[in-house]
K.L.:
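Take a look at the following structure, please.
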Amino acid sequence: MEYKKTVGIEVHCELKTKEKIFSPSISNYGSIANTNANVIDMAYPGTLPLLNKEVLSFAIKACHVLNLNITKDMHFDRKNYFYPDNPKNFQITQNETPIGTEGYVEIEIDGIKKKIEILEMHIEEDTCKSVHSDKYSLLDYNRAGVPLIEIVTKPCLNSGEEAVKYLEKLRELLLYAGVSDCKIEEGSMRCDTNVSISKTNKLGTKIEVKNIGSISNVGEAINYEAKRQEELLEKGEVLKEETRRFDDKTKTTILMRVKETGNDYRYFPEPDIPFVHLTDAFIEEAINDLKRMPDERRKDYEKAGVLPINIEKIIANKEISDYLENFLDTNLVIASNLLLGDIQSYLNKNSKTINETKLTNKKFHDLVNKLDKKEINNKIFKDILIDIMETDQDIDDILKDKGLNISFDENLLNDIIANVINNNQKIIDDYQNGNPRSAKALMGLIMKEGKGKIDPAMANQKLMEKLNNL
Amino acid sequence: MSKYLSLSLQEIHELLKNKKITPKDLVMECFDNIEKSNLNAFINVYKDYALSEASKLEELEVDDDLLFGIPIAIKDNIMVKDMKCTCASKMLDNFVSIYDAGCIDEIKRHHMIIVGKTNMDEFAMGSTSETSYYGAPHNPWNYDKVSGGSSGGSAVAVSSGIIPLALGSDTGGSVRQPSSFTGIVGMKPTYGRVSRYGLVAFASSLDQVGVMSRNVYENALLLKAISKEDKRDLTSFETNDDITCLINKPLTNFKVAIPKYFISDIVDKEIRDKILEIKTMLETNHVTVDFVDIKYIDKTAILYQIIAMGEASSNLARFDGIKYGYSYLNPKDLEDLYKKTRRYGFGSEVKRRIMVGSYLLSGENAKIYYNKALQIRDDLSKEFQKVFDNYNLIIGPTTARCAYNLNTNLDDPLKSFMDDILVMHANMGGFPSLSMPVGFNSEHLPIGLQIIGNRMDEKTIYQLASFIEKEIKDDFSEVRNGI
């Protein structure tokens with residue numbers, strides 16, 4: 001009989017509110033150490049916590065996208081433990097009344113759907129960031145008091161693969177809810193997992209693996225840990241509850257500490273923050289502020305005929321997907337190709353975001369429609385890309401100024417083709433003798449003469465018609 | 001040296017307004033008093049600062065604010081920018097505040113002059129001020145007696161005439177009990193009336209800044225000045241009511257309740273008799289005075305200790321030698337730093353309460369003790385509310401005994417708690433409560449009357465207190481300026 005893996009996952013995500021949760025200090029990543037810290041963050045005697053309403057609003061949004069029930073009457077609790085990164089030596093968190101309970105995230109593996117059940121989600125404050133050297137440990141209080149949500153699944157996952165899918169989906173949902181950057185490398189998303197194996201319905205000894213540096217590593221850590229536990233059990237050893245960490249280099253887990261008889265955090269209700277009642281109006285306002293979630297967007301893209309690979313590329317780039325939300329009435333295939341292709345290259349090359357360019361919604365709208373109606377072609381678009389991105393002119397004016405506004409002058413095209421055919425009898429002869437390359441040579445001449453003012457597809461079509469009728 | 005500070009605030013104000021004196025004269029007199037005093041009322045004084053503030057005021061027009069230019073003393077657990085804030089602990093012996101407490105903002109806005117920080121029990125834990133790292137203050141009525149605590153230094157500073165006004169803090173009687181022991185007026189306002197921002201937390205759900213003064217009117221004036229909703233304290237509330245408006249107004253249809261527990265045999269007979277005397281006096285003046293039973297009133301001390309020590313164990317966790325304050329030098333490791341810093345930085349009473357508090361919150365204990373205490377606390381508040389449905393106020397003694405000899409309680413922490421068994425109900429329910437002197441015992445030590453009101457109803461307390469103050473013939477000013 002095989003061992004069955006049972007996995008639970010805890011995820012901490014930093015909420016990207018402007019200010020910290022309990023103080024008016026700026027909450028952001030990457031500032032000079034200890035510049036975003038005030039007396040509250042540093043746990044000065046006499047200071048009291050504030051409560052940032054934006055955190056509540058963000059947490060409500062997260063609850064909504066994770067299908068969690070929202071706890072309308074909730075409060076904060078103190079979790080007491082001593083550690084230098086914990087300035088007050090207690091952390092303000094939610095123990096008794098987590099803001100969200102009983103939700104799920106749906107994943108799909110090989111066409112089979114599974115609901116990963118979420119036990120609860122609560123709000124808490126982040127600790128200082130510590131940096132250790134041989135002689136000293138340094139503390140950065142910028143991170144102290146940054147709002148976090150902790151999302152705890154039930155022990156309902158059964159493989160590393162499920163864990164990876166769950167985390168990818170969770171990340172996507174929180175990203176699209178606009179509540180977190182979910183950047184594991186910057187620490188704004190942190191994953192811990194509990195792994196146990198058992199041959200029976202009774203769960204085995206739970207072993208925790210902490211601080212795993214990427215989503216794919218969570219999968220590897222779970223699979224490695226299950227295998228390690230199986231080998232030990234097969235040898236007849238008894239497992240003890242312990243905390244391990246994943247080593248990225250060796251792809252193994254390493255013992256951090258054996259768990260002693262239950263940590264005693266001496267939880268009690270935070271007396272400095274009055275109990276919170278979330279009104280229906282407040283909840284509604286937060287939820288109404290949500291943009292459309294990825295699955296809904298996927299459906300639209302699919303319906304419009306966007307290739308599956310491109311759909312995932314768009315979803316993976318929230319900025320592009322958000323941008324596309326303004327152009328759902330246009331040809332999404334063209335629009336997405338532009339955004340994933342030349343516009344993205346331009347932005348990357350110039351280290352800009354769309355908002356930092358002169359590309360207005362109207363310009364993009366015109367652009368997509370002109371391409372859609374074949375009023376311009378891709379070549380012309382490439383020629384005017386920089387003007388689109390860097391001037392205030394609208395598309396028509398750009399085309400006019402560049403003399404590119406005549407692309408569908410069929411007479412011109414006919415004249416050019418006739419001209420080329422008349423002046424290149426030798427190539428025509430070759431063609432008629434069956435040299436396939438001569439048609440290409442003629443096209444080259446036509447395009448050269450048309451100087452990008454003609455549509456290659458149409459030119460090709462007309463040329464072939466002419467040649468075949470000679 | 002002139003004796004302006006013994007005048008009433010109205011009289012001082014007239015002199016200031018008519019330019020007969022300047023704030024500097026008041027500050028000079030105050031420091032003269034401090035220098036002559038041997039009562040150990042202050043931990044740190046700031047003469048240069050006070051004189052320079054006084055000079056600044058000379059350039060301002062004296063407005064109609066009676067508090068303009070008046071010197072004030074601040075308990076040393078309230079943050080005043082650029083002044084030390086020791087909490088009477090070795091842990092914070094060298095700690096200088098970098099910000100002003102919410103109530104200090106108001107003090108400064110009213111152009112009062114802070115002269116120094118007063119002695120107290122370490123981290124406000126005690127009822128005699130003897131747990132101070134700097135030694136106990138002495139009671140001006142008898143040098144060998146305790147001042148009460150924890151706001152003992154503030155009580156001594158006002159009662160001995162060093163200064164007319166002081167701020168204290170009251171978690172379980174720490175303003176009212178020393179006020180009673182030293183014969184002054186002390187008020188613990190409704191929880192939330194005064195910002196706790198900048199008050200070093202002892203037990204967050206019970207702590208409240210309180211005011212100490214020589215008489216009822218000046219007490220109300222000072223409280224009115226520092227009452228303000230503070231966005232930095234989520235438990236503070238908006239206050240627009242004029243709490244002085246009923247002072248000296250007649251007591252019509254006035255009903256007062258005396259809980260039977262307050263005059264049971266836990267209280268010294270001399271004190272009981274004095275309260276009954278007050279009862280008779282009130283009845284003579286057509287006030288209805290009834291004895292009432294209040295459920296849980298005799299259980300409050302236990303509940304109070306559970307809540308206060310539980311919260312304290314968490315609030316004092318931040319003193320760890322890492323960020324500020326005392327830090328043990330050359331520890332072996334982190335664990336050693338924590339242990340030695342707290343072993344040598346805290347005094348024994350503070351450590352005892354942290355240990356008991358930690359135990360009370362540990363594991364299942366939190367449910368058995370702390371959570372249950374919170375529940376019964378709600379019930380207790382409701383019992384008091386019921387009384388306020390039928391009576392304007394509740395009265396009784398402030399303390400069960402008068403000031404006693406120094407060094408009596410040091411070996412017995414439970415005895416010290418007995419000092420507060422009549423005053424902690426107000427903290428538990430968030431009710432305003434005032435202590436005022438109403439007589440003396442046979443040792444010529446002051447006896448305090450406690451008046452408890454419904455939440456936000458300080459004005460009715462001041463109404464009754466101002467009435468009783470006029471009726472009492474004893475003189476409580478005799479130790480003032482007898483420095």
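We use all heavy atoms of the structure for the numbers below, so side chains are in, but hydrogens, waters and symmetry mates are not. Quick caveat, the model's predicted, so the values are computed rather than measured.
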K.L.:
Got a sec: does the NZ of Lys206(A) have more than 12 other heavy atoms crowding it under 6.0 Å?
P.N.:
no
K.L.:
Which heavy atom of Met42(A) sits nearest a heavy atom of Lys323(B), and at what distance?
P.N.:
O-CD, 3.4 Å
K.L.:
What is the distance from atom OG1 of Thr47(A) to atom CG of Leu199(B), rounded to the nearest 0.5 Å?
P.N.:
11.5 Å
K.L.:
Work out which heavy atom in Phe82(A) is nearest to a heavy atom in Ala317(B); give both atom names and the distance.
P.N.:
CE2-O, 3.4 Å
K.L.:
For a 4.5 angstrom cut-off between non-hydrogen side-chain atoms, does Asp272(A) reach Arg196(B)?
P.N.:
yes
K.L.:
Tell me which of these, Tyr267(A), Phe90(A), Tyr265(A), has more heavy-atom pairs under 4.5 Å with chain B than the rest.
P.N.:
Phe90(A)
K.L.:
side-chain hydrogen bond (donor to acceptor under 3.5 Å, both in side chains), that's the test. Do Ser314(B) and Arg78(A) meet it? Break it down for me.
P.N.:
CA-CA 8 Å; Ser314(B) 172; Arg78(A) 288 189 185 176; 2.9 Å; yes
K.L.:
Measure Ser97(B) against the heavy atoms of chain A and call it side chain, backbone, both or neither at under 4.5 Å.
P.N.:
neither
K.L.:
Hey, is CD1 on Ile32(A) packed in by over 12 heavy atoms from elsewhere, all under 6.0 Å?
P.N.:
no
K.L.:
Taking all non-hydrogen atoms of both residues, which atom of Arg232(B) and which atom of Leu48(A) are closest, and how far apart?
P.N.:
O-CB, 3.7 Å
K.L.:
If we define contacts as heavy-atom pairs under 4.5 Å, which of Leu360(B), Asn315(B), Ile78(B), Asn77(B) has the most with chain A?
P.N.:
Asn315(B)
K.L.:
Between Gly363(B), Ala201(B), Ala366(B), which shows the greatest number of heavy-atom pairs under 4.5 Å with chain A?
P.N.:
Gly363(B)
K.L.:
Tell me whether Lys81(B) at atom NZ has more than 12 heavy atoms from other residues, nucleotides or ligands lying less than 6.0 Å away.
P.N.:
no
K.L.:
Please look at Tyr81(A) and chain B and tell me whether the side chain, the backbone, both or neither of the residue comes under 4.5 angstrom of a heavy atom of that chain.
P.N.:
neither
K.L.:
Looking at CG of Leu234(B) and CD of Glu270(A), how far apart are the two atoms once the value is rounded to the nearest 0.5 Å?
P.N.:
9.5 Å
K.L.:
Do Phe268(A) and Leu374(B) touch side chain to side chain, with heavy atoms closer than 4.5 Å?
P.N.:
no
K.L.:
For Lys339(B), I'd like to know if atom NZ has over 12 heavy atoms of other residues, nucleotides or ligands within 6.0 Å.
P.N.:
no
K.L.:
Most heavy-atom pairs under 4.5 angstrom with chain A, which of Gly198(B), Gly102(B), Cys85(B)?
P.N.:
Gly198(B)
K.L.:
Using non-hydrogen atoms and a 4.5 Å limit, figure out which bit of Tyr197(B) sits close to chain A: side chain, backbone, both or neither.
P.N.:
both
K.L.:
Contact part of Pro49(A) toward chain B, heavy-atom cut-off under 4.5 Å: side chain, backbone, both or neither?
P.N.:
backbone
K.L.:
Check whether Leu337(B) gets within reach of chain A through its side chain, its backbone, both or neither, counting any heavy atom under 4.5 Å.
P.N.:
neither
K.L.:
Check this for me: Glu186(A), atom CD, are more than 12 non-hydrogen atoms of other residues, nucleotides or ligands nearer than 6.0 Å?
P.N.:
yes
K.L.:
Please tell me if the side chains of Met79(B) and Val39(A) come closer than 4.5 Å, counting only heavy atoms from C-beta onward.
P.N.:
no
K.L.:
Quick check: do Glu96(A) and Asn371(B) have side-chain heavy atoms less than 4.5 Å from each other?
P.N.:
yes
K.L.:
Taking the six-membered ring where the residue is Trp, are the ring centres of Phe95(B) and Tyr44(A) under 6.0 Å apart?
P.N.:
yes
K.L.:
Measuring only between side-chain heavy atoms, which start at C-beta, is Phe319(B) closer than 4.5 Å to Asn89(A)?
P.N.:
no
K.L.:
Quick one: pull up CG in Asp264(A) and OH in Tyr359(B) and give me the separation to the nearest 0.5 Å.
P.N.:
11.5 Å
K.L.:
Select one option (side chain, backbone, both, neither) describing which atoms of Ile322(B) are under 4.5 Å from chain A's heavy atoms.
P.N.:
side chain
K.L.:
Are there more than 12 heavy atoms of other residues, nucleotides or ligands under 6.0 Å from atom NZ of Lys108(B)?
P.N.:
yes
K.L.:
Got a second to check how far Asn365(B)'s CG is from Arg266(A)'s CZ, nearest 0.5 Å?
P.N.:
11.5 Å
K.L.:
Of the backbone (N, CA, C, O) and the side chain (C-beta and beyond), which part of Leu139(A) lies under 4.5 Å from a heavy atom of chain B, both, or neither?
P.N.:
side chain
K.L.:
Given a strict heavy-atom distance threshold of 4.5 Å, which part of Lys367(B) is in contact with chain A: side chain, backbone, both, or neither?
P.N.:
neither
K.L.:
Kindly write out the residues that satisfy side chain to side chain donor-acceptor pair (under 3.5 Å) with Thr127(A), not counting sequence neighbours, or none if the list is empty.
P.N.:
Arg143(A)
K.L.:
If you count heavy-atom pairs under 4.5 Å between each of Leu92(B), Leu334(B), Asp207(B) and chain A, which one has the most?
P.N.:
Leu334(B)
